Engineer: 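Shown below is the structure under consideration.
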Amino acid sequence: MHFDNVNSLVGRVGVRFAQDFGTPTWLTGAPSTFTAWVRPNFWYEFLGDPKTKFSSATGFIPFAADMGGTTFEINTGFSTDIGDGAAIYANASYLVGIGEHADGNAYDGKLGVKVAW
């Protein structure tokens with residue numbers, strides 16, 4: 001197997017809509033913030049065309065993937081303070097190809113804890 005170098009140039013246009021909500025002090029023992037958001041994004045890959053060559057009895061057989069074009073992503077999530085400089089966060093995304101890449105899609109999710117000290 002032989003991999004060529006891949007050049008990539010990606011552009012993104014998007015916006016983030018967010019809302020902060022205060023949570024009552026009885027819930028955590030101290031005032032905290034709950035933030036929810038949604039982020040729609042348009043992505044465009046200008047250069048993505050990776051190539052791989054597989055070895056065979058007759059020589060290398062090339063395989064190319066056209067990763068260029070436009071995709072749309074919708075991302076939503078939240079974060080909330082849990083005290084002592086710590087916060088819990090989660091987000092989920094769905095990405096779908098547009099136009100000639102309409103047959104591709106992807107899902108992504110994250111759940112974690114942020115700690116500041």
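All figures in this text were calculated on a predicted structure; none of them were measured in a lab.
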Engineer: Checking side chain to side chain contact (heavy atoms under 4.5 Å, CB included) for the pair Phe72/Ile74: CA distance, chi angles, key distance, verdict?
Structural biologist: CA-CA 7 Å; Phe72 173 74; Ile74 188 79; 4.2 Å; yes
Engineer: I'd like to know if the side chain of Glu45 and the backbone of Leu9 have a donor-acceptor N/O pair within less than 3.5 Å.
Structural biologist: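 Here the side-chain-to-backbone pair exists.
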Engineer: State the CZ-OH distance between Phe78 and Tyr89, to the nearest 0.5 angstrom.
Structural biologist: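 Atom-to-atom, Phe78:CZ and Tyr89:OH are 11.0 Å apart.
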Engineer: What heavy-atom pair brings Ala90 and Leu111 nearest, and what distance separates the two atoms?
Structural biologist: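 Minimum heavy-atom separation between Ala90 and Leu111: CB-CD1, 3.8 Å.
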Engineer: Measure across Gly11 and Phe46 and return the closest heavy-atom pair with its distance rounded to 0.1 Å.
Structural biologist: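 So the two residues come closest at N-CE1, 4.0 Å.
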Engineer: Do Val15 and Ile98 sit in one hydrophobic cluster, given that two such residues count as connected whenever their side-chain heavy atoms are within less than 4.5 Å of each other, even indirectly?
Structural biologist: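 They do share one cluster, since a chain of ILVMFWY contacts under 4.5 Å joins Val15 to Ile98.
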Engineer: Please check if the side chain of Thr76 supplies one atom and the backbone of Trp37 the other of a donor-acceptor pair under 3.5 Å.
Structural biologist: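 A pair under 3.5 Å: yes.
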Engineer: In Å and rounded to the nearest 0.5 Å, what is the OG1 to CH2 distance from Thr71 to Trp43?
Structural biologist: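 One gets 7.5 Å once the value is rounded to the nearest 0.5 Å.
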Engineer: Look up atom CG in Asn91 and atom CG in Asp108, then write down how far apart they are to the nearest 0.5 Å.
Structural biologist: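 So the gap between those two atoms works out to 6.5 Å.
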Engineer: Let me confirm one number: the OG1-CZ distance from Thr70 to Phe42, rounded to the nearest 0.5 Å.
Structural biologist: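 Here the rounded value is 8.5 Å.
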Engineer: Is there a path of hydrophobic side-chain contacts, each under 4.5 Å between heavy atoms, that joins Val96 and Val38?
Structural biologist: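 Yes, Val96 connects to Val38 through the hydrophobic network.
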Engineer: Rounded to the nearest 0.5 Å, how far apart are OG1 of Thr80 and NZ of Lys114?
Structural biologist: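 Answer for the OG1-NZ pair, Thr80 versus Lys114, is 10.5 Å.
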